[in-house]
Every structure is written in C-alpha cells, then in structure tokens.
Amino acid sequence: MYTYNMTQWLFFFYAYCFLGWCVESMNVYIRTGKFVNRGFIRGPFLPLYGSGAIIMFVVSRPFQDNIFLTYVAGCIGPTVLEYVTGVVMEALFNVRYWDYSGQKFNFQGQICLRTTLSWGVLTILMTRIVHRPIERFVLRMPNNILGYITFILTVYIAADFALSFKAALDLRDVLAKMQRIKEELYKMQKRLDVISAFSSDEKEQKNQESEPDMDELSEGLERRFNSIKETIQSAPGAVLEEIAELRARFNLYMENRRNYKEMLDFYKLDMIRSNPGMISKKFKDTLEDLKNTVIDKMNKQGDGLDE
C-alpha cells in the first residue's frame with residue numbers, strides 16, 4: 001500500500017491541500033453565510049491538510065488490516081503535526097493562526113482532545129473511502145501529464161507560500177511597531193497625569209487593572225492635551241515646553257500608526273481576513289486593532305471579516 005513515486009506523492013499532497021481548503025471554506029460558509037478564503041496562503045490550498053493526509057497514510061500504513069490501530073495512529077500522527085506546526089508558526093510570527101484555548105482538554109491552545117479524536121476518524125475515512133478513487137485516478141493518469149500538472153502546481157504553490165510567508169513576517173513587524181507606539185502612548189498618558197495632577201490612587205488602580213486599547217488610549221490623550229491647554233496657561237515655561245514636545249511626539253506616533261496600517265497590502269489584509277480566529281499573546285490588543293482596520297476596509301467594499 002502507498003508505494004508511490006515522488007511525483008505521485010506531491011500530487012496527492014496538493015489534492016488534499018485543495019480538498020482541505022474546500023472543506024474549511026464550506027464549513028465557514030455554512031456557519032456564517034459568507035465565503036472566506038481560509039488558510040495561510042492565498043490560493044485555494046491548505047498545506048496543513050495536505051501534510052495531515054500524507055501523515056495519515058504514512059502512520060497507518062503498518063495497520064491497514066486493523067481498524068483500531070489505524071484509528072490510534074491517525075489520532076497521534078496528525079496531532080503531532082498540528083502541534084509542531086502551531087508552535088513553529090507562533091515562534092516565527094508571534095501569532096497563533098488557530099487556538100483551542102476555549103476547548104476542553106487542550107494543550108497550550110495548540111491541540112485539543114476533540115480535534116485529536118476527529119483526526120483518528122478522518123484517518124479511517126481517508127484510508128478506506130476517500131483515497132481509493134483518488135488513488136485509482138492518479139495511477140491511471142499518464143506519467144508525463146501527471147508530471148506537468150504537478151510541476152505547475154509546485155511552482156504556483158511555492159510562489160504563493162513565499163509571498164504569504166513574507167506577508168506574515170511583515171505583519172509581525174507591523175504588530176511590533178504598533179505595539180511600541182502603544183507602549184509609548186501609555187507612558188505619555190502617565191506623564192500627562194502627573195503634569196496635570198489628574199492622577200489619583202483610584203484612577204491608577206483602574207489603569208493597572210484594565211489597560212486601555214489603542215483607540216481608547218489615543219482618544220484619551222487627545223482629550224487630555226485639549227484639557228491641559230485650557231488649565232495650565234500660567235505653568236512654568238519648562239512645563240509648557242514639555243507639553244509641546246509630548247504633543248509633537250503624539251502627532252508623530254499617530255501618523256506612524258496610520259502609515260503602518262496603510263502598509264497592509266492584499267496579502268496581509270487577506271491573511272487577517274482569512275484567519276479571523278488568529279490571536280497573539282504578545283500583541284493581543286494591537287492585533288485586534290488591525291482586525292478592526294480590516295473590518296472597516298472590507299465593509300467599505302461591501303464585505304466583512306467573519307467573527
């Protein structure tokens with residue numbers, strides 16, 4: 001069983017990448033009534049599903065005559081793949097593209113028992129039902145035609161993956177820069193509290209318990225600058241100079257924030273749109289800010305980001 005040459009293995013990988021994309025997209029459409037191009041890359045392929053299918057065939061190969069061991073192997077192999085892929089992607093991009101934290105019996109939010117058990121069922125379905133007609137079709141296809149198709153798909157998917165990988169790295173950099181802006185604005189707010197004597201123990205405690213998001217922070221600072229302008233006209237020159245410097249820095253930060261949002265090209269926008277469940281421990285509020293930006297852009301185009 002499963003004694004294929006490299007071209008056939010590649011074709012099976014691409015076929016199940018596409019079928020996985022169809023299943024995911026259809027699932028989202030049924031739940032939300034909206035089409036969403038799911039996945040890490042922009043084309044209609046989900047590499048995790050293609051890799052998962054290949055893993056299913058490999059780990060279940062020794063147990064073809066034992067459905068129970070096929071199920072167990074199918075639970076273990078794809079789960080390991082899902083965990084390793086999730087950890088590596090989060091380490092590279094500081095973003096988690098799927099999250100099981102809300103599921104029972106999850107591990108680090110990367111895998112969960114329900115999905116693991118589903119992998120086992122899917123392995124049985126794949127090896128005993130789904131793969132057999134696809135296998136017959138591929139084995140009957142002339143080698144030269146199969147080779148041409150596989151080569152074209154390889155070039156296309158490799159190019160798409162390279163662009164998507166770069167977009168994910170760029171998105172990580174945008175998140176990092178916007179996070180630094182937020183941290184600077186938060187420090188600025190604290191300094192203005194001191195200057196204007198608006199701080200109180202109660203307010204400080206509130207700030208510690210619930211840090212404002214970027215929009216709340218920027219709007220609050222804008223109001224604070226306007227308020228200070230009216231209340232400390234007779235302050236020493238050094239204080240007025242510091243306020244003017246803070247105001248100039250605030251304007252610069254807001255301009256940089258707008259510029260960073262404008263850096264969201266098609267690949268970055270569609271990456272966020274295609275993965276509405278993506279989260280980031282390091283850039284939690286900043287990522288939500290970018291998600292809202294995508295929602296606004298898509299709404300203007302008559303579309304939306306699925307929540």
Side-chain angles (χ1 to χ4, degrees), residues 1-27 37-89 92 97-98 110-111 114-165 168 274-275:
M1 293 291 289
Y2 311 137
T3 53
Y4 311 126
N5 59 41
M6 183 57 67
T7 300
Q8 290 167 337
W9 276 117
L10 275 174
F11 186 87
F12 287 132
F13 170 73
Y14 299 145
Y16 289 114
C17 285
F18 175 71
L19 289 177
W21 176 86
C22 291
V23 171
E24 276 286 322
S25 299
M26 182 62 66
N27 181 45
N37 178 27
R38 299 287 285 170
F40 180 75
I41 64 178
R42 300 307 89 216
F45 299 95
L46 285 174
L48 181 62
Y49 278 78
S51 302
I54 300 303
I55 290 292
M56 288 175 190
F57 300 144
V58 172
V59 299
S60 66
R61 182 176 179 179
F63 315 114
Q64 288 298 304
D65 297 327
N66 190 317
I67 191 170
F68 174 74
L69 292 180
T70 297
Y71 175 79
V72 172
C75 288
I76 296 173
T79 297
V80 172
L81 172 67
E82 185 176 34
Y83 177 76
V84 172
T85 302
V87 169
V88 170
M89 290 181 71
L92 282 173
Y97 284 82
W98 61 86
Q110 301 286 2
I111 56 177
R114 187 181 72 173
T115 303
T116 294
L117 298 178
S118 298
W119 283 124
V121 173
L122 187 58
T123 299
I124 293 174
L125 293 175
M126 287 286 291
T127 56
R128 295 176 180 248
I129 299 175
V130 176
H131 184 61
R132 290 178 180 178
I134 296 176
E135 179 186 48
R136 287 195 296 269
F137 173 77
V138 172
L139 294 181
R140 291 173 182 173
M141 189 180 299
N143 288 332
N144 59 337
I145 295 178
L146 183 65
Y148 290 141
I149 295 174
T150 303
F151 175 76
I152 292 171
L153 287 174
T154 299
V155 172
Y156 170 76
I157 293 175
D160 193 354
F161 181 84
L163 290 172
S164 297
F165 189 87
S274 300
N275 299 277

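No hydrogens, no waters, no symmetry mates; every other heavy atom, side chains included, goes into these values.
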| request: For Asn275 and Gly39, indicate whether the former's side chain and the latter's backbone hold a donor-acceptor pair under 3.5 Å. | output: yes
| request: Please work out which of the three classes, parallel, tilted or perpendicular, describes the rings of Phe137 and Phe11, given edges at 30° and 60°. | output: tilted
| For Gln8, which residues count as a side chain to side chain donor-acceptor pair (under 3.5 Å) partner, sequence neighbours excluded? | none
| Pairs touching residues 139-156 that satisfy side chain to side chain donor-acceptor pair (under 3.5 Å), sequence neighbours left out | Tyr14-Thr154
| Nearest-0.5 Å distance that lies between atom OG1 in Thr127 and atom CD in Glu135 | 11.0 Å
| query | Nearest 0.5 Å, what's the SG-CG distance between Cys22 and Asn27? | reply | 12.5 Å
| task | Tell me whether the centres of the aromatic rings in Phe57 and Tyr16 are closer together than 6.0 Å. | result | yes
| What is the distance from atom CZ of Phe12 to atom OG1 of Thr7, rounded to the nearest 0.5 Å? | 11.5 Å
| request: Report yes or no: does Arg128 contribute a side-chain atom to a donor-acceptor pair with the main-chain N or O of Thr123 at less than 3.5 Å? | output: no
| query | Above 12 or not: heavy atoms from other molecules or residues under 6.0 Å from CE of Met26? | reply | no
| query | For Phe18, does the CZ atom have more than 12 heavy-atom neighbours from other residues, nucleotides or ligands under 6.0 Å away? | reply | no
| task | Could you check whether the rings of Phe40 and Tyr97 sit parallel, tilted or perpendicular, using 30° and 60° as the cut-offs? | result | perpendicular
